[in-house]
Amino acid sequence: MSLLVKASPRGESIVTVTPESAHWKHVGFEARRVQAGGFTTVNLPTDREGCLVVLTGTVDISVDGRDFKGLGGRASVFDDQSPTAIYAPPGSVYFIRASTDAELAIASAPATGKLHARLIEPASMKRSVRGTGANTRYVCDILPETEPAESLLVVEVLTPAGHSSSYPPHKHDTDALPEESVLEETYYHRIDPPQGFAFQRVYTDSRDIDESMAVGDHDVVMVPRGYHPVVMPHGYRGYYLNVMAGPRREWHFRNDPAHEWMIAR
């Protein structure tokens with residue numbers, strides 16, 4: 001089974017990953033298009049929490065008896081602006097009406113229903129810069145482990161043209177806290193300009209997984225385990241939305257020792 005999930009160029013559903021389709025236990029992901037004036041619903045299973053991210057456009061959302069108006073506003077995921085998101089507990093239904101053409105991402109993971117639905121406003125999201133030189137990238141923590149959720153971790157990253165990201169290669173597939181945690185992960189990629197591509201490799205120490213992919217606009221890469229670096233070619237900048245979840249809601253990773261020299265200097 002390939003780890004690359006190709007996007008649909010037409011229709012409401014862009015791309016979908018379920019625990020069943022990915023052959024894992026924790027992460028679910030979906031991206032949708034909603035035309036201006038259009039309406040869609042997202043039904044969370046009774047055992048999975050959700051984080052709906054308004055990637056682009058402006059929408060009104062009702063969930064768990066709460067109404068949220070005029071959410072979003074980005075024209076592009078490459079805008080210098082954080083997104084808006086809504087967390088919801090298991091069994092919730094998102095009712096979404098688009099004021100403009102919109103793109104939505106829906107992340108889900110196992111939960112028992114300990115938390116209530118809430119708005120995650122752009123101003124609450126921490127933005128940071130990671131790396132140096134051609135390894136510089138720009139991070140926005142949408143739902144980090146410091147904010148309430150039962151399983152989900154959600155973050156977006158913008159990688160300039162000609163830069164690497166998720167680099168040096170790192171992994172989080174071994175229960176060895178506090179050095180490393182077990183987290184499944186999806187990468188939802190956007191490319192600017194959209195005819196471009198990114199390169200992503202997923203590989204393990206034993207090389208029982210070793211897949212290198214040319215990733216197009218709106219494609220998803222699944223990372224069940226192993227290292228997973230991303231590289232953007234000259235002329236094309238990249239964006240990805242990461243969803244992570246595992247047995248424990250902690251992000252601890254280990255760099256590939258073969259490449260750690262570059263940060264030890």
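Electrostatic pairing of R66 and D64 does not count as a salt bridge here, judged by no charged N lying under 4.0 Å from a carboxylate O. Taking a cutoff of 4.0 Å between a charged side-chain nitrogen and a carboxylate oxygen, R225 and E184 do not qualify as a salt bridge. Salt bridge annotation for D219-R190: absent, with no cationic side-chain nitrogen under 4.0 angstrom from a carboxylate oxygen.
Applying the 6.0 Å contact sphere to CD of E121 captures no more than 12 heavy atoms from other residues, nucleotides or ligands. Heavy atoms from other residues, nucleotides or ligands lying under 6.0 Å from CG of D80 number 12 at most. By the 6.0 Å contact criterion, CZ on R10 is open, its count of non-hydrogen atoms from other residues, nucleotides or ligands being 12 or less. Under a cut-off of 6.0 angstrom, the local environment of CZ in F197 is sparse, with at most 12 non-hydrogen atoms contributed by other residues, nucleotides or ligands. Surrounding NZ of K6 are more than 12 heavy atoms belonging to other residues, nucleotides or ligands, all under 6.0 Å away.
Aromatic rings of H170 and H252 (six-membered ring for Trp) have centroids beyond the 6.0 Å cut-off, not under it. Y188 and F29 have their aromatic ring centers within a separation under 6.0 angstrom.
A search for side-chain contact (heavy atoms from CB on, under 4.5 Å) contacts involving R248 returns D175, L177, not counting sequence neighbours.
A side chain to side chain donor-acceptor pair (under 3.5 Å) with Y87 is found for exactly one of E150, R118, E49, H116, namely E49.
Taking Ile, Leu, Val, Met, Phe, Trp and Tyr as members and joining any whose side-chain heavy atoms lie under 4.5 Å apart, directly or through other members, the hydrophobic cluster of V93 also contains F39, F95.
The CZ atom of R127 sits 9.0 Å away from the CG atom of L158 when rounded to the nearest 0.5 Å.
For the residue pair S212 and Y203, no side-chain donor N or O sits within less than 3.5 Å of a side-chain acceptor on the partner.
At a threshold of 4.5 Å between non-hydrogen side-chain atoms, the residues V221 and H189 count as touching.
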